[in-house]
There are 2 protein chains.
Amino acid sequence: MVFSHDTSIANPPAPDQNGRFSVDVRIVLVTVSEGRLLVAALPSGDGWQLPRGVPLPTMPLDAAARLLLSETTELHEQYLEQLYTLNTNDGEAWFVLISYLALIASGPDLPLTSATWLDTTAEGFGEVDRMVIDYAIVRLRAKLGYTTIAFHLMPERFTLTELQETYETALAMQLDKRNFRRRIIASGMLEPLGEKRRDGSHRPAQLYRFRAGHDPASFLTPQWAGEA
Amino acid sequence: MVFSHDTSIANPPAPDQNGRFSVDVRIVLVTVSEGRLLVAALPSGDGWQLPRGVPLPTMPLDAAARLLLSETTELHEQYLEQLYTLNTNDGEAWFVLISYLALIASGPDLPLTSATWLDTTAEGFGEVDRMVIDYAIVRLRAKLGYTTIAFHLMPERFTLTELQETYETALAMQLDKRNFRRRIIASGMLEPLGEKRRDGSHRPAQLYRFRAGHDPASFLTPQWAGEA
DNA sequence: CCAAAAGTGTTCTCGATACACCCATGT
DNA sequence: ACATGGGTGTATCGAGAACACTTTTGG
């Protein structure tokens, strides 16, 4: 018998040698800036690594991840989502690596503490970090198609062109302006503000914000692949 | 500073008091039989619980899950997939609950050891187990739409009607025979065997098997919702 | 010849795509 | 008046859904 079976949630595994795994939390903190999809990285020897930490067993992992995030960026309005749990080996012991995807709004101010923004395709990450980043990007791209997650990459108020640019950067794909607008409007996720933004010698742009009561289960139509 | 930062995968968290979480593995083992979607359960007090175990830190979690599976069923051809990692609290300490989805082929022989097959909607599970089961079913249904996962619920050789019945049971939804056949055939996931099966006073059915070289990344068209 | 399950095609609708011009403003 | 980015509509195509009859066998 290899397992010590416990009986219920109210009666969890005894704190013996078994079942106590090292847990390592890593965050893929992503933003968009000037047409680039960026990830927060910390220097590590001659390369880079994702922000990471070993949580205390006295706090929930999501709280640990959020704390880690607050050590990485000063900005407090972030989206945080558990990504995937890896299981990795180091000699004898296996440890559990729980990865999170975090998003913060693009903008001229991208406040980091000791981390640096790197292109998401940058060289210099370890093999595992690279996998985690790549998976985070896959997930982000998929979710852009059928959720309103893009909201977290945008400032409070924005124009449709700015929103489209964020999608294009995140998806690494050009989108058709008319189709993009038709779908975004049809999805009902945006609320037009009365105001317009004048920022040059051209027609001013309508400003929008994400609708407060946007149902998080509301779906945008997927499959923008193959458009450009 | 709440986290002890480590530098790389090759230099994992030190085995100190921090970062050692209790880890609990649970398996949602699912099969289909006689039009019912079943889950393997163990008795627990006056109710039921999922097969579970506390893995040793000296083995990968997937191996622990597979071992657990082998304690639950004698059948060895199973599909196993990591589902989701929950983080649950018991008084002071938090523990990490890693859930797996496993599938075994339907058939007259559904060999279990100490477990019992219950309807997936059965009462008597704890709150957490209920969540895990429900999520497993959601994932299974989604994956039936765009992968060849159904393969693991079928015996080696089967007819199109049997395959459709498995889909219908798993999805809890009636499907149109002609549309079903057109899509399954078009997906290329099946290989017709030369033989036919005669099992009654009616036209014999062509036998199929899943194509050996079926690309696991090959996708069936999704979205069968709303068909019936 | 009857019962029972296997097998097969066409039509319609709707969402996804491709595509080009006019509008409002600042200089 | 012209340069700049904002804003709009239509035609085509393909996938998904709805739908009913013929075929083959055993008894």
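Letters A, B, ... mirror the listed sequences (proteins, then strands); counts begin at 1.
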Taking CZ from B/R183 and C1' from D/dA15, how many angstroms apart are they, rounded to a whole number? 9 Å

Atom CG of B/L175 and atom P of C/dA6: how far apart are they, to the nearest Å? 15 Å

Can you tell me how far P of D/dA15 sits from CZ of B/F180, to the nearest Å? 19 Å

For B/Q164 and C/dA5, what is the distance between atoms CD and P respectively, to the nearest whole Å? 14 Å

Residue set satisfying salt bridge (Lys or Arg N to Asp or Glu O under 4.0 Å) with A/R203, at least two apart, ordered chain then number -> none

Mind calculating the distance between OH (B/Y146) and P (D/dG16) to the nearest angstrom? 16 Å

Please state how far atom CE in A/M173 lies from atom P in C/dA16, giving the value in whole angstrom units. 15 Å

Applying ring-ring contact (aromatic ring centres under 6.0 Å, His included), name anything that partners A/Y100, two or more places apart in sequence or on another chain. none

Summarise protein proximity over nucleotides 4-14 of chain D in one line of letters, 5' to 3': B for base, S for sugar-phosphate only, - for none, counting protein heavy atoms closer than 4.0 Å. BBBBBBB----

Apply salt bridge (Lys or Arg N to Asp or Glu O under 4.0 Å) to A/E156 and list each qualifying residue two or more places apart in sequence or on a separate chain. none

Which residues satisfy the side chain to side chain contact (heavy atoms under 4.5 Å, CB included) test with B/A41, sequence neighbours excluded? B/W48, B/L118, B/F125

How many whole angstroms separate atom CD1 of B/I185 from atom P of C/dT8? 8 Å

Residues in side chain to side chain contact (heavy atoms under 4.5 Å, CB included) with A/T85, at least two apart? A/Q82, A/V96, A/I98, B/Q82, B/T85, B/I98

Within a 6.0 Å radius of atom CZ on B/R198, are there more than 12 heavy atoms belonging to other residues, nucleotides or ligands? no

